[in-house]
Enquirer: 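Have a look at the structure that comes next, please.
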Amino acid sequence: MNEDNHSLTTEFILTGFTDHLELKPLLFLVFLTIYLITMVGNLGLVALIVTEHHLHTPMYIFLGNLALMDSFCSSAITPKMLQNFFSKDRMISLYECMAQFYFLCLAETADCFLLAAMAFDRYVAICKPLQYHTMMSKKLCIQMTTGAYTAGNIHPVIHVGFLFRLTFCRSHQINHFFCDVLPLYRLSCVDPFINQLMILIFAGSVLVFTITIVIISYLFILFTIFKMKSKEGKGKAFSTCASHFLSVSIFYGSLLFMYVRPNSGNKHNKDIPVAIFYTLVIPLLNPFIYSLRNKEVINTTKKIWRRIYDMRKQILSNMHN
């Protein structure tokens, strides 16, 4: 396609959720509330784990990093999305677009490896409790966390690098609420087959590898749970694992449907609802799923609130005196 006949696009319009003006204030409030709860929940969990030394164990280190990546994921998308509800042009440059995808892909890839690490940690804790401290050493924990962040940085670099081979001249409208690569491929006047192949190979490899670890870990956990003689212990372990596995299933299911399904680059009518799950809903739910059933986190939170209450009481008492 000649550049003489088609002007090349370097800026795009994010069409977002709707063009109905009367719905925009409501959607703005809904997503602002989701964002605030997500940030408070995840960053609060990170702060709790960092400040409380008895939570410096592999399980909570992985959980803290997962919460950090969830807040990172939400922050990569939501501020721009909220701005666009009241923006007249809703423009985003190509380089801003690449940056947004890079940070989102970084967070999602790191999440995949952290969830696999958490599943393996639970497998060792439940199936091999006597060997837990030997197998889940501090060195291994640091290596697994570092590996998650390394993979998280390498993966988006590959896809962003391949974006430079594309030129955009068909349209400047991205039918999405954030800048994802799949909608960009539809606007390319260069055949994006190689880019789509790279998505299938690399995203597929990350998902298959981490999902396999999660499934195998949870299968061994289930076998161990069924062997337990105590009904109370069995019910507690199964309830906790079920809630964790539900969160993991929604997250991986959304990513598989979005990026690894056949002809994922050609269908966009279902992209937005699926993307909402893995970019907004999962980061919102994770702090509650992984914390509300955790007595250690709940008890530590209660202790902190008691300290704050006692400090406030003491300050007020000193002021009156």
Enquirer: What is the minimum heavy-atom distance between V46 and G64, and which atoms define it?
Expert: CG2-O, 3.4 Å
Enquirer: Are side-chain N/O atoms of Y35 and S75 paired as donor and acceptor at under 3.5 Å?
Expert: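 The criterion, which ignores hydrogens and geometry beyond distance, is satisfied for S75 and Y35.
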Enquirer: With rounding to the nearest 0.5 Å, note down the distance linking OH in Y95 to SG in C179.
Expert: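 One finds 13.5 Å between OH of Y95 and SG of C179.
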Enquirer: Ignoring hydrogens and angles, tell me if any N or O in the side chain of E96 forms a donor-acceptor pair with the backbone of S93 under 3.5 Å.
Expert: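 Checking the backbone N and O of S93 against the side chain of E96, a donor-acceptor pair under 3.5 Å is found.
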Enquirer: Any chance you could lay out the side-chain contact (heavy atoms from CB on, under 4.5 Å) test for L104 and C73, step after step, and finish with the verdict?
Expert: CA-CA 5 Å; L104 174 66; C73 170; 3.5 Å; yes
Enquirer: Side chain of S217, backbone of I213: donor and acceptor closer than 3.5 Å?
Expert: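 Between the backbone of I213 and the side chain of S217 there is a qualifying donor-acceptor contact (under 3.5 Å).
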Enquirer: Above 12 or not: heavy atoms from other molecules or residues under 6.0 Å from NE2 of H53?
Expert: no
Enquirer: Could you report the tightest heavy-atom contact between P156 and A151, atom names first, then the distance?
Expert: CD-O, 4.4 Å
Enquirer: Parallel, tilted or perpendicular: which describes the rings of F220 and F223, with under 30° parallel and over 60° perpendicular?
Expert: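 Perpendicular: the ring planes of F220 and F223 meet at over 60°.
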Enquirer: Enter the distance from F245:CZ to Y252:OH here, rounded to the nearest 0.5 Å.
Expert: 10.5 Å
Enquirer: What is the minimum heavy-atom distance between D121 and M136, and which atoms define it?
Expert: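 Closest pair (atom of D121, atom of M136, distance): OD1-CE, 3.7 Å.
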Enquirer: Which distance, rounded to the nearest 0.5 Å, do you find between the CE of M81 and the CG of L14?
Expert: 11.0 Å
Enquirer: So do the side chains of I174 and T15 get within less than 4.5 Å of each other, counting heavy atoms only?
Expert: no
Enquirer: Using the rule side-chain contact (heavy atoms from CB on, under 4.5 Å), only one of N42, L114, N286 pairs with M69; which is it?
Expert: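 The passing option is L114.
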Enquirer: Give a yes-or-no answer on whether the side chains of T109 and D111 include a donor-acceptor pair shorter than 3.5 Å.
Expert: no
Enquirer: Is the closest side-chain heavy-atom distance between L55 and L63 below 4.5 Å?
Expert: no
Enquirer: Sequence neighbours excluded, which residues qualify as side-chain hydrogen bond (donor to acceptor under 3.5 Å, both in side chains) partners of N65?
Expert: Y149
Enquirer: Under a single-linkage definition using a 4.5 Å side-chain heavy-atom cutoff for Ile, Leu, Val, Met, Phe, Trp and Tyr, are I13 and I77 assigned to the same hydrophobic cluster?
Expert: no
Enquirer: Might you point out which heavy atoms bring C112 and L207 nearest each other, and give the distance in Å?
Expert: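 So the two residues come closest at SG-CD2, 3.9 Å.
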Enquirer: With a 6.0 Å cut-off (strictly less than), is the heavy-atom count around CZ of F277, excluding the residue itself, greater than 12?
Expert: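 Result for CZ/F277: open.
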Enquirer: In Å and rounded to the nearest 0.5 Å, what is the NE2 to CE distance from H172 to M91?
Expert: 6.0 Å
Enquirer: Should E11 and I92 be marked as a side-chain contact (heavy atoms from CB on, under 4.5 Å) after you check the CA-CA gap, both sets of side-chain angles, and the distance that decides it?
Expert: CA-CA 6 Å; E11 288 188 321; I92 185 168; over 6 Å; no
Enquirer: Got a second to check how far F193's CZ is from L197's CG, nearest 0.5 Å?
Expert: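 Going from CZ on F193 over to CG on L197, the span is 5.0 Å.
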Enquirer: With distance as the sole test, does H159 use its side chain to make a donor-acceptor pair with the main-chain N or O of N195 at under 3.5 Å?
Expert: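 No.
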Enquirer: Could you walk me through whether F113 and V206 satisfy the side-chain contact (heavy atoms from CB on, under 4.5 Å) test, starting with their C-alpha distance in whole Å, then the side-chain angles of each, then the deciding distance to 0.1 Å, before giving a yes or no?
Expert: CA-CA 8 Å; F113 284 96; V206 168; 3.8 Å; yes
Enquirer: For F85 and K24, which heavy atoms make the closest approach, and how far apart are they?
Expert: O-CD, 3.3 Å
Enquirer: Taking only residues at least two apart or on different chains, which pairs with a member in residues 42-52 satisfy salt bridge (Lys or Arg N to Asp or Glu O under 4.0 Å)?
Expert: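 Of all non-adjacent pairs touching residues 42-52, those that pass salt bridge (Lys or Arg N to Asp or Glu O under 4.0 Å) are E52-R307.
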Enquirer: Hey, what do you get for CZ (R122) to SG (C127), rounding to the nearest 0.5 Å?
Expert: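 Between R122 CZ and C127 SG, I get 10.5 Å after rounding to 0.5 Å.
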Enquirer: Would you please indicate yes or no on a ring centroid separation below 6.0 angstrom for F168 and F12?
Expert: yes
Enquirer: Minimum heavy-atom separation for M98 and V160, please, with both atom names.
Expert: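 So the minimum-distance heavy-atom pair works out to O-CG2, 3.9 Å.
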Enquirer: Without hydrogens or angle criteria, can the side chains of Y123 and T224 be said to hold a donor-acceptor pair below 3.5 Å?
Expert: no
Enquirer: Are V124 and I61 connected into the same hydrophobic cluster when the rule is that any two of I, L, V, M, F, W, Y join if their side-chain heavy atoms are below 4.5 Å apart?
Expert: no
Enquirer: Using only heavy-atom distances, determine whether the side chains of Y278 and Y259 contain a donor-acceptor pair under 3.5 Å.
Expert: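 Yes, Y259 and Y278 have a side-chain donor paired with an acceptor closer than 3.5 Å.
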Enquirer: What verdict does the side-chain contact (heavy atoms from CB on, under 4.5 Å) test give for L166 and C189, after you've listed the backbone C-alpha separation in whole Å, the side-chain angles of each residue and the deciding distance to 0.1 Å?
Expert: CA-CA 7 Å; L166 304 180; C189 46; over 6 Å; no
Enquirer: Once the angle between the rings of H155 and F202 is folded into 0 to 90°, is it parallel (under 30°), tilted (30 to 60°) or perpendicular (over 60°)?
Expert: tilted
Enquirer: Applying the 4.5 Å side-chain criterion to the ILVMFWY set and letting contacts propagate, would V30 and F177 be lumped into a single cluster?
Expert: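 Yes, V30 and F177 fall within the same hydrophobic cluster.
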Enquirer: Return yes when atom NE2 of H133 has more than 12 non-hydrogen atoms of other residues, nucleotides or ligands closer than 6.0 Å, and no otherwise.
Expert: no
Enquirer: Please tell me whether F72 and L36 are part of a single hydrophobic cluster in this structure, the criterion being side-chain heavy atoms less than 4.5 Å apart.
Expert: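 Yes, because F72 and L36 connect within a single hydrophobic cluster, where side-chain heavy atoms sit under 4.5 Å apart.
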Enquirer: Would you kindly confirm whether L45 and V40 end up in one hydrophobic cluster when ILVMFWY residues are joined by side chain heavy atoms under 4.5 Å apart?
Expert: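 The answer is no; the residues belong to distinct hydrophobic clusters.
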